There are 2 protein chains.
Amino acid sequence: MAPEAKAALFDQFALVGKAFANGRRAELVDVLAQGERAVEALAGQIDQSVANTSQHLQVLARAGLVRSRREGNRVLYRLADEQVEALWETLRAVATANVSGVHQAAEEYLGDREGLEQVSRDELARRLGEGALVWDVRPASEYEAGHIPGAISVPPDEVQRRLDDVPDDVEVVAYCRGRFCVYADAAVRALVAAGRRAVRLDEGFPEWRRAGLPVAVGTD
Amino acid sequence: MAPEAKAALFDQFALVGKAFANGRRAELVDVLAQGERAVEALAGQIDQSVANTSQHLQVLARAGLVRSRREGNRVLYRLADEQVEALWETLRAVATANVSGVHQAAEEYLGDREGLEQVSRDELARRLGEGALVWDVRPASEYEAGHIPGAISVPPDEVQRRLDDVPDDVEVVAYCRGRFCVYADAAVRALVAAGRRAVRLDEGFPEWRRAGLPVAVGTD
DNA sequence: CAACTATTCAAGCAAATTCTTGACAATCAA
DNA sequence: TTGATTGTCAAGAATTTGCTTGAATAGTTG
């Protein structure tokens with residue numbers, strides 16, 4: 001049995017590992033899990049040059065994780081399929097459970113989550129039924145591409161303006177891109193500071209969609 | 001919001017990607033999915049020097065994918081938890097679906113699978129009930145560490161000797177380490193060449209165990 | 001204790017990765 | 001067509017990775 005043939009096969013598997021072997025590419029996958037994006041927008045999100053971003057996208061494309069299509073002037077990238085999202089989700093879970101540095105880095109990025117109440121999907125569904133207000137704290141374009149039915153769009157930079165729309169006796173559940181997304185944390189903190197009651201969904205919209213739960217599209 | 005803090009967090013996630021970014025490390029994870037192993041044995045499996053293998057294992061350990069314990073003068077490595085297995089399984093699935101080179105490399109390693117019948121877990125369970133013979137074509141130590149109840153151990157190098165034990169009218173279902181494991185393929189081909197009926201389980205023992213199906217331990 | 005086995009460590013070198021810069025290509029708008 | 005926008009390509013420098021070799025460490029055996 002040729003050991004080189006076995007090595008060659010596993011080298012192919014490793015291509016997918018290589019795709020996730022860089023923090024910037026991981027960020028790209030995370031953003032693309034929200035939907036299609038042009039190169040320049042992606043470059044902005046990961047704080048890198050357009051040229052570098054383009055090259056990272058090609059590494060992802062060679063590993064089959066993303067596909068692209070041209071629309072006029074721009075090239076739009078998207079994740080290849082749902083399995084890629086599942087892989088990214090599992091990878092984050094493994095890292096969270098086993099890489100010691102994740103907790104410190106997460107606290108550095110998100111701040112101390114002590115005292116920030118988180119609820120599960122089931123709990124959110126229950127509270128929706130009880131008249132809770134659900135805030136989708138992502139950029140408006142992501143909300144329009146798909147959101148939890150019943151949620152209203154409150155983009156990150158509008159949170160302050162909308163604090164007064166919330167009655168004192170209504171609890172807000174905020175969600176955004178995922179477990180490690182800052183927007184919902186910031187919204188909950190702002191709401192609590194303004195004397196309202198607020199909690200965040202423990203995960204994000206991609207996980208909700210992947211779980212097969214209902215999704216609303218458009219501006220509602 | 002500090003972009004360096006976000007980058008640092010995703011760099012932590014990327015550590016797990018880096019762990020899978022090398023074919024030899026992927027092979028290590030694949031072997032470890034069968035159970036605990038000492039460094040020297042692992043080195044043999046991946047056809048590398050002990051020193052190099054040790055270093056790869058430390059990369060895996062830093063990413064939290066493996067743990068080790070000393071037993072006498074040997075150090076035994078094992079996967080950190082079931083999630084790591086799940087991650088490896090998903091990664092292979094993504095690669096199989098999206099990396100074009102996988103199919104060619106797999107054929108190079110496994111040979112043409114045209115005409116090699118594969119059955120699912122459910123189908124194997126059904127056939128077990130109907131009196132089919134199930135062969136566990138892995139080294140005896142792996143069989144003893146855990147196998148499908150009702151399966152008998154037929155290590156790779158004993159396949160030829162055991163061909164005559166199989167009655168003409170009984171079908172054999174062979175399985176080994178996983179979808180890309182050669183042992184079951186070889187056994188099925190040998191059986192068919194000897195005029196017996198034989199098929200292989202489409203996946204391997206780790207997937208069976210991970211699915212929560214019953215497992216037998218020992219020599220039966 | 002010395003000799004032996006199994007593993008890790010450290011140094012070194014070739015190859016790969018990551019980012020930068022500037023040139024080039026495709027599309028759109030005027 | 002010209003100019004502006006958006007993305008890719010190519011070359012190069014700094015860093016990291018992957019493997020080798022030989023020495024060092026931990027534990028066992030005689």
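Predicted model only: the values in this text are computed from it and were never measured. Computed over heavy atoms, backbone and side chain alike; hydrogens, waters and symmetry mates excluded. Throughout, a chain's letter reflects where its sequence line sits, starting with A, and its residues are numbered from 1.
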All heavy atoms of B:Gln118 vs all of B:Arg113, minimum pair found to be NE2-CD, 3.8 Å
Centre-to-centre under 6.0 Å for B:Phe13 and A:Trp88, is that the case here? yes
Can you tell me if the side-chain N/O atoms of A:Arg25 get under 4.0 Å from OP1 or OP2 in C:dT18? yes
Note: contacts of residues 28-43 of chain B with DNA chain C (heavy atom, under 4.0 Å) are B:Ala38, B:Val39, B:Glu40
Is the phosphate of C:dT7, meaning OP1 or OP2, less than 4.0 Å from a side-chain N or O of B:Ser54? no
Reckon B:Gln48 touches a base, only the sugar-phosphate, or nothing at all at heavy-atom distances under 4.0 Å? sugar-phosphate
Measure from NE2 on A:His56 to C1' on D:dC9 and round the result to the nearest Å. 16 Å
Under 4.0 Å between a side-chain N or O of B:Gln58 and OP1 or OP2 of C:dC9? yes
Are any of B:Ser49's side-chain N or O atoms less than 4.0 Å away from OP1 or OP2 of D:dT20? yes
Indicate yes or no: does B:Glu85 engage B:Arg209 in a salt bridge with an N to O separation below 4.0 Å. yes
Are any of B:Asn22's side-chain N or O atoms less than 4.0 Å away from OP1 or OP2 of D:dT17? no
What residues in residues 68-81 of chain A put a non-hydrogen atom under 4.0 Å from any atom of DNA chain D? A:Asn73, A:Arg74, A:Val75, A:Tyr77
